[in-house]
Amino acid sequence: MALRMKDTPPDPADMSADPQQLVDDLVRLLTVSRTGDETFTGGQQKDGFGRVFGGQVIAQALQAAQATVNDEKVAHSLHAYFLRGGEEGLSIDYATAADFEGRSFANRRVVASQNGKPILNLTASFQKPEDGMAHQDSVMPEVAPPEELKSDMEMRRYYADKQDMPDASRKLMLRPRPIEMRTIDRLHWMNSEPKEPRAHTWFRTAAPLPDDAVLHRAIIAYASDYTLLGTSALPHGLSWMRGEIVGASLDHAMWFHREARADEWLLYATDAPWSGSGRGYNRGRIYDRAGNLVASVAQEGMMRKRKKELA
């Protein structure tokens with residue numbers, strides 16, 4: 001989701017960048033607390049500012065849904081709509097409803113709210129694992145392995161020093177993250193020339209995670225909101241970080257095809273088949289190192305060229 005600057009963001013130089021601490025904070029962030037039979041509360045990002053990251057709301061809503069389903073069934077898909085931008089500094093309430101409970105499948109509906117106003121609706125479907133016919137049509141793209149690529153933070157420092165961007169955007173860009181990323185292509189904040197709407201990025205948590213498949217699934221959902229909407233900006237040579245675009249996620253759909261660890265390298269291949277009418281449509285495929293398709297993602301977002309302010 002787009003960042004709306006409300007407060008002065010903290011300087012990244014003042015933040016702890018210990019990888020394990022960053023990941024521990026992420027685990028705490030995505031661990032929702034039960035407040036009733038069907039209600040939960042999600043915590044706040046440490047030192048958060050502006051709008052809540054969309055991936056956080058998706059992951060917390062998924063965690064709330066997962067907490068209401070027995071261990072026999074696992075999430076295989078989610079569909080969410082962003083209604084309003086959540087604000088940092090406020091907890092998020094999650095109300096769940098069990099719309100269906102079958103022998104093999106179950107469905108949960110979640111409404112995320114702040115101050116009594118809904119900010120996201122999410123529906124998740126669960127299935128009891130079973131054997132079945134299997135195929136994989138998509139082939140993992142042939143790209144450089146993560147060991148041969150520069151770290152995301154190294155690239156961010158390089159481009160932040162080269163480009164003219166608002167101070168708040170620069171601080172957000174250089175903020176330490178619990179998700180380590182290594183990019184093969186130039187993302188929107190690296191590039192000011194129109195290019196093909198495709199990108200490939202390796203990601204994993206910056207430190208090991210507990211052996212909890214439910215948590216790994218939530219963190220993959222969290223990370224799936226990174227880089228996705230920016231893919232539809234690539235053909236236009238514009239960037240949110242340079243203050244050239246106003247944007248926000250409108251929806252987010254995800255299908256989990258197989259179990260994967262979020263603390264091991266996963267390849268996120270994104271493309272944007274279309275943009276127009278103030279919106280951009282984006283797709284993503286997530287692969288493990290063996291080339292197995294782990295998850296598929298789709299998202300549409302509002303994307304408008306920022307109007308120049310009159311002097």
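Hydrogens, waters and symmetry mates play no part in the numbers below; they use all other heavy atoms, side chains included.
- In this view, A134 satisfies the side-chain contact (heavy atoms from CB on, under 4.5 Å) rule with no residue, not counting sequence neighbours.
- Looking at Q63, its side chain does come within 3.5 Å of a backbone N or O of L30 through a donor-acceptor pair.
- In this structure a side-chain-to-backbone donor-acceptor pair under 3.5 Å is missing from R258 to A295.
- Remark: side-chain polar atoms of Q60 are paired, donor with acceptor, to backbone N or O of L29 under 3.5 angstrom.
- With sequence neighbours excluded, no residue forms a ring-ring contact (aromatic ring centres under 6.0 Å, His included) with H257.
- A donor-acceptor distance shorter than 3.5 angstrom exists from the side chain of N282 to the backbone of S232, with no hydrogens or angles considered.
- A heavy-atom distance below 4.5 Å is not found between the side chains of L266 and R261.
- The shortest non-hydrogen separation linking S91 to Q114 is O-CG, 3.4 Å.
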Practice task
Would you please test M302 and V246 for side chain to side chain contact (heavy atoms under 4.5 Å, CB included) and show each step?
Solution key: CA-CA 8 Å; M302 183 269 285; V246 177; 4.2 Å; yes
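- Side-chain atoms of Y281 do not come within 3.5 Å of backbone N or O of P273 as any donor-acceptor pair.
- Using a 4.5 Å heavy-atom threshold, the side chains of R217 and E259 count as touching.
- Side-chain atoms of Y94 and V57, non-hydrogen and from C-beta on, do get closer than 4.5 Å to each other.
- Across every non-hydrogen atom of H236 and S275, the tightest pair is NE2-OG, 3.0 Å.
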Exercise for the section: Check step by step if side chain to side chain contact (heavy atoms under 4.5 Å, CB included) holds for I179 and I219. Expected result: CA-CA 9 Å; I179 305 296; I219 290 178; 4.1 Å; yes
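- A salt bridge (Lys or Arg N to Asp or Glu O under 4.0 Å) check over residues 278-291, counting only residues at least two apart or in different chains, returns the pairs E147-R289, D271-R283, R279-E300.
- With sequence neighbours excluded, the residues forming a salt bridge (Lys or Arg N to Asp or Glu O under 4.0 Å) with E196 are R198, listed by chain and number.
- Residues F126 and L122 fall into different hydrophobic clusters, defined by Ile, Leu, Val, Met, Phe, Trp and Tyr side chains chained together at heavy-atom separations under 4.5 Å.
- A donor-acceptor contact shorter than 3.5 Å links the side chain of N70 to the backbone of E72.
- Counting only heavy atoms from C-beta outward, the side chains of W202 and I184 approach each other to under 4.5 Å.
- You'll find the side chain of K117 stays beyond 4.5 Å of the side chain of L83, heavy atoms only.
- The structure places CD of Q299 at 8.0 Å from OG of S224, a figure rounded to the nearest 0.5 Å.
- Listed for the T96 side chain is no donor-acceptor partner under 3.5 Å among the backbone atoms of V110.
- Under a 3.5 Å cut-off, the side chain of K73 and the backbone N or O of G102 do form a donor-acceptor pair.
- In this structure, the separation between CD on E264 and CG on L209 is 10.0 Å, given to the nearest 0.5 Å.
- Between Q136 and L293, the shortest heavy-atom contact is OE1-N, 3.0 Å.
- In this structure, the side chain of D99 does not engage the main chain of N107 through any donor-acceptor pair within 3.5 Å.
- The hydrophobic clustering, which links ILVMFWY residues whose side-chain heavy atoms are closer than 4.5 Å, places F53 and L26 together.
- Here I220 contributes atom CD1 and T205 contributes atom OG1; the two are 10.0 Å apart, rounded to the nearest 0.5 Å.
- Residues P129 and V74 share a closest heavy-atom pair of CG-CG2, 4.2 Å.
- In this structure, T227 and M181 approach most closely via the heavy-atom pair CG2-CE, 3.4 Å.
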Practice task
Could you give me the CA-CA distance, side-chain angles and deciding distance for Y226 and T270, then say whether side chain to side chain contact (heavy atoms under 4.5 Å, CB included) is met?
Solution key: CA-CA 10 Å; Y226 281 128; T270 63; over 6 Å; no
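- Distance check, rounded to the nearest 0.5 Å: OH of Y268 to CD1 of I286 gives 5.0 Å.
- Across every non-hydrogen atom of T231 and P197, the tightest pair is CG2-O, 3.4 Å.
- Counting heavy atoms from C-beta on, the side chains of D25 and P178 never come closer than 4.5 Å.
- Partners of R204 under the side-chain contact (heavy atoms from CB on, under 4.5 Å) rule, at least two apart in sequence or in another chain, are E180, W265.
- A search for ring-ring contact (aromatic ring centres under 6.0 Å, His included) contacts involving W274 returns nothing, not counting sequence neighbours.
- For S113, the side-chain contact (heavy atoms from CB on, under 4.5 Å) partners are V111, P118, not counting sequence neighbours.
- Partners of E130 under the salt bridge (Lys or Arg N to Asp or Glu O under 4.0 Å) rule, at least two apart in sequence or in another chain, do not exist in this structure.
- Interatomic distance, CD of E88 versus CD of Q44, reported as 7.0 Å (0.5 Å rounding).
- Side-chain heavy atoms closer than 4.5 Å link hydrophobic residues (I, L, V, M, F, W, Y) into clusters, and following such links, possibly through other members, connects Y222 to L228.
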Practice task
Mind running side chain to side chain contact (heavy atoms under 4.5 Å, CB included) on D152 and F203 for me, showing each step along the way?
Solution key: CA-CA 9 Å; D152 180 67; F203 74 89; over 6 Å; no
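- The number of heavy atoms from other shown groups lying within 6.0 Å of CG (D37) does not exceed 12.
- Rounded to the nearest 0.5 Å, atoms CZ (F82) and CG (D251) are 8.5 Å apart.
- Side-chain contact check for H252 versus V297: some heavy-atom pair is nearer than 4.5 Å.
- Residues satisfying the ring-ring contact (aromatic ring centres under 6.0 Å, His included) test with H76, not counting sequence neighbours, are F105.
- Not a single donor-acceptor pair under 3.5 Å links the side chain of H200 to the backbone N or O of A269.
- Side-chain contact between Q56 and I92 is present, with at least one heavy-atom pair separated by less than 4.5 Å.
- D212 pairs by the salt bridge (Lys or Arg N to Asp or Glu O under 4.0 Å) definition with nothing, not counting sequence neighbours.
- Taking the salt bridge (Lys or Arg N to Asp or Glu O under 4.0 Å) definition, one finds that D137 meets it with nothing, sequence neighbours left out.
- Qualifying side-chain contact (heavy atoms from CB on, under 4.5 Å) partners for T31, counting only residues two or more places apart in sequence or in other chains: V27.
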